Protein chains: 2
Amino acid sequence: MQYYIFTMGATKTEHYTDLQNKLAVLAKALGHPARIAILDYLLKVETCICGDIVNELPLAQPTISQHLKELKNANLIKGSVEGNAICYCINEDALNLLQNYFMMISEKTKNKKSNCC
Amino acid sequence: MQYYIFTMGATKTEHYTDLQNKLAVLAKALGHPARIAILDYLLKVETCICGDIVNELPLAQPTISQHLKELKNANLIKGSVEGNAICYCINEDALNLLQNYFMMISEKTKNKKSNCC
DNA sequence: ATATAATATTGCAATATTACGATATTTATT
DNA sequence: AATAAATATCGTAATATTGCAATATTATAT
């Protein structure tokens with residue numbers, strides 16, 4: 001059994017709530033256009049695809065692999081061995097967490113039109 | 001008139017769509033628990049507050065100022081001079097963009113329960 | 001067993017991020 | 001004009017990120 005310690009660099013994660021840290025990890029993982037593009041691609045093909053992403057994006061294979069790793073670490077995608085290849089797909093749970101968060105924000109700000117600035 | 005050139009480091013932004021880049025910028029700005037906490041605080045107080053954030057979070061004033069700048073650059077918050085102080089508030093437009101994106105994803109994945117991994 | 005295909009890891013250079021002390025700027029008050 | 005209060009900027013150390021070539025790993029097929 002091995003423990004993975006998630007750090008955010010110099011970030012003082014211990015001062016924030018679990019939800020705040022979790023949302024930040026998810027957002028950080030999406031904070032790169034290549035990773036958004038990977039998500040978009042996974043949505044488009046509607047079924048698990050792996051090495052096609054390398055053909056789809058203008059990045060070298062090691063770079064794609066790295067981005068996939070980050071998405072997987074953040075729990076945004078899942079990967080499973082499929083014979084020779086690895087099959088990746090979207091993890092709805094993580095995306096639902098994000099959706100709920102922004103939905104909540106939308107609800108809260110619905111009736112207030114920039115009431116201060 | 002001044003032009004601001006938004007870069008993402010070594011990131012090859014020119015290969016992605018405008019929406020992908022925009023979402024990545026927004027996500028990146030939210031990719032730190034302090035900035036999620038700032039957003040949460042702005043939602044809670046429901047009205048524009050500024051220096052209170054320094055008292056609310058366990059970070060030094062220059063650090064808060066830096067985080068606010070990043071949120072403002074990403075268009076997630078707005079700031080306006082209010083006498084002595086600067087009043088910050090949430091920019092619903094940017095958050096709605098995020099909400100719409102994750103809503104779209106939820107719709108697309110609604111009926112599919114991890115159908116591959 | 002070897003070769004091939006798919007993916008991951010390593011190593012590295014260039015750049016970005018985080019955090020904060022020191023200092024500057026801006027506005028209000030006296 | 002001088003002071004105080006609020007915020008921003010500068011400079012800097014420690015660390016993380018991005019991208020890729022080279023290489024390693026893993027699994028299938030011959």
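Just so it is clear: chains get the letters A, B, ... in the order the sequence lines come, proteins before strands, and each one is counted from 1. Just so it is clear, the structure is predicted and the values come from calculations on it, not from any experiment.
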_For B:N96, all residues meeting side chain to side chain contact (heavy atoms under 4.5 Å, CB included), sequence neighbours excluded_ = A:S106, B:E92
*Using a 4.0 Å heavy-atom cut-off across all strands, classify B:Q61 as base, sugar-phosphate, or nothing.*
base
*Mind checking side-chain hydrogen bond (donor to acceptor under 3.5 Å, both in side chains) for A:Q66 and listing every partner two or more places apart, or none if nothing turns up?*
none
*Atom CG of B:N55 and atom P of D:dA5: how far apart are they, to the nearest Å?*
14 Å
_Expressed as a whole number of angstroms, how long is the span from B:I64:CD1 to C:dG21:P?_
13 Å
*Return no unless some side-chain N or O of B:H67 is found under 4.0 Å from OP1 or OP2 of C:dA19.*
yes
*Where the side chain of A:L59 is defined as all heavy atoms beyond and including C-beta, which of C:dC20, D:dC20, D:dA8 is the nearest nucleotide?*
D:dC20
*Candidate nucleotides C:dC20, D:dT18, D:dA22, ranked by approach to the side chain of A:R35 - the nearest*: D:dT18
_Going by side chain to side chain contact (heavy atoms under 4.5 Å, CB included), name the residues that satisfy it together with B:T63, two or more places apart in sequence or in a different chain._
B:L59, B:A60, B:H67
_Any side-chain N or O of A:S65 below 4.0 angstrom from OP1/OP2 of C:dA8?_
yes
_A:I105: side chain to side chain contact (heavy atoms under 4.5 Å, CB included) partners, not counting sequence neighbours_ = A:Y101, A:F102, A:T109, B:L39, B:L43, B:L95
*asked:* Is the phosphate of C:dA16 approached by B:K28 (side-chain N or O, under 4.0 Å from OP1 or OP2)?
replied: no
*asked:* Restricting to side chain to side chain contact (heavy atoms under 4.5 Å, CB included), what partner residues turn up for B:K72, sequence neighbours left out?
replied: B:I77, B:Y88
*Is any side-chain heavy atom of A:D40 closer than 4.5 Å to a side-chain heavy atom of A:I36?*
yes
Polar atom pairs (N or O), protein with nucleotides 26-30 of chain C, under 3.5 Å:
from, atom 1, to, atom 2, distance (Å)
C:dT27, O3', B:G83, O, 3.1
C:dT27, O2, B:N84, OD1, 2.9

